[in-house]
Amino acid sequence: MGSILDPAKLGRTILRLDLRGHGRSKSAHDNDSSSMVHQYTWSQLAKDMRKAAADSVSRSFYGGEALGAAVALEAAVAAQATRSIDAPPGLVLMRPPLMLAQVAKHGSVDAKHLQEFLQIAHLVEAEGFDSLEQAEAEDSTPFLNGADAAFCSVTKKELQQFRRAMDEDAFAAALRGYAASEQLGKELAIRFKEGLVNSPLSMAADAYGVPLTPGCPVLLLAVNGDDHHPVEAAEELAKLLPNAELEVADNLQHAKSTWATRISSFLRKAWMKEFLTKRVMPQ
């Protein structure tokens, strides 16, 4: 999504974080097997996100894609729950994961969906990435489909090479941490309903097209044809989250040509709402 999150297009500083175990943060985890899975739950990754933001800028909007969307949402709720200074003035959630939507709609996650992650974790632990890639070659909807939809400028083979840069034990722990976040997802949904919905009403009048409603504005972005991050996920979250706006791209090319402008417009409105209600200038 580099072409979408272009600082020149958005007119803002963009801090892009490699979550622990990923990219340049691939060694940023404790190798103690008893705590590996916990390190990759949404709540722990959200703490990493908040710390990275606090160390880099005084105040920021939060955003994320796929798993990062769930992490950004958890980080925002955690900050909002304590009325922390780092509570973001707006959220941008791209291609939110199916698990988050299932929790929002049903209060639980489809066991088959969770089992897919656990099976892949077990396969990599037992036989390594070679066996996973062989299984993906035989699968009509391989695990990398979601990533391929977002990063189509990179081939699936290149994505597999990037994945191999991650330690196999960390990769498996990340998948188990994702599955273990089901309960956290339930709590997240409840906290959003109770926290943001019940936040104080603004006394400022609506101005500049800014929706002065309770809580933190949220922009949800989805792409048609994404099996692992379906439009349904974004639609369900849009129903749950106060102040949510939903934008669905027909395909990836449509997303690349329109999302930067859409995000920029959303950030400007959220910024103006923050200023009108709190007299605070977010970065």
Asp48 and Val71: CA distance, side-chain angles, deciding distance, side-chain contact (heavy atoms from CB on, under 4.5 Å) verdict: CA-CA 9 Å; Asp48 292 345; Val71 172; over 6 Å; no
Glu65 side, atom CD; His229 side, atom NE2 - distance, nearest 0.5 Å: 7.5 Å
Minimum-distance pair of heavy atoms, taken over all atoms of Ser257 and His254: OG-O, 3.0 Å
Hydrophobic cluster identity match, Leu98 and Leu118, side-chain contacts under 4.5 Å: no
Distance-minimising heavy-atom pair for Ala121 and Leu175: N-CD1, 3.8 Å
Side-chain (Ser56) to main-chain (Ala53) donor-acceptor, under 3.5 angstrom: no
From Asp55 atom CG to Leu15 atom CG, the distance as rounded to the nearest 0.5 Å: 9.5 Å
Student check: side-chain heavy atoms of Lys47 and Gln44 closer than 4.5 Å: yes
Approximate separation, where rounding is to 0.5 Å, of Ser60 OG and Met49 CE: 7.0 Å
Nearest heavy-atom neighbours spanning Leu67 and Trp42: CD1-NE1, 3.4 Å
Any side-chain heavy-atom pair of Ile263 and Leu221 under 4.5 Å: yes
Residue of the set Phe162, Phe117, Phe129 for which ring-ring contact (aromatic ring centres under 6.0 Å, His included) holds with Phe171: Phe129
Beyond-backbone contact of Tyr40 with Arg176, side-chain heavy atoms, under 4.5 angstrom: no
Val124 vs Met166 side-chain heavy atoms within contact, under 4.5 Å: no
Chi angles and distances behind the side-chain contact (heavy atoms from CB on, under 4.5 Å) call for Lys269, Lys273: CA-CA 6 Å; Lys269 287 200 259 184; Lys273 176 197 170 187; over 6 Å; no
Common cluster, Met99/Leu19, ILVMFWY with side-chain heavy-atom separation under 4.5 Å: yes
Taking every non-hydrogen atom, the tightest pair across Ala75 and Ala46: N-CB, 3.6 Å
Spacing of Leu93 atom CG and Tyr62 atom OH [to the nearest 0.5 Å]: 13.0 Å
Closest approach of Pro97 to Ala70 (non-hydrogen atoms, all atoms of both residues): CG-CB, 4.0 Å
From CA spacing to verdict: side-chain contact (heavy atoms from CB on, under 4.5 Å), Ser84, Arg50: CA-CA 11 Å; Ser84 174; Arg50 291 179 67 188; 3.4 Å; yes
Gap between atom CG of Asp226 and atom CZ of Arg95 - 0.5 Å precision: 4.0 Å
Under 3.5 Å donor-acceptor, Ser265 side chain and Arg262 backbone: no
Asp167 side-chain N/O to Asp169 backbone N/O, donor-acceptor pair under 3.5 Å: no
Nearest-0.5 Å distance that lies between atom CG in Leu237 and atom CG in Leu91: 11.0 Å
Salt-bridge criterion met for Arg164 and Asp130 (N-O under 4.0 Å): yes
Check against side-chain contact (heavy atoms from CB on, under 4.5 Å), Phe266 and Glu247: CA-CA 11 Å; Phe266 170 79; Glu247 185 89 5; over 6 Å; no
Side chains of Tyr178 and Leu45 in contact at under 4.5 Å (non-hydrogen atoms): no
Any donor-acceptor pair under 3.5 Å from Ser181 side chain to Gly177 backbone: yes
Within-4.5 Å side-chain heavy-atom neighbours: Glu133 and Arg163: yes
More than 12 heavy atoms of other groups within 6.0 Å of His122 NE2: no
Shortest non-hydrogen separation from Pro217 to Ala270 and the atoms involved: CG-CB, 4.4 Å
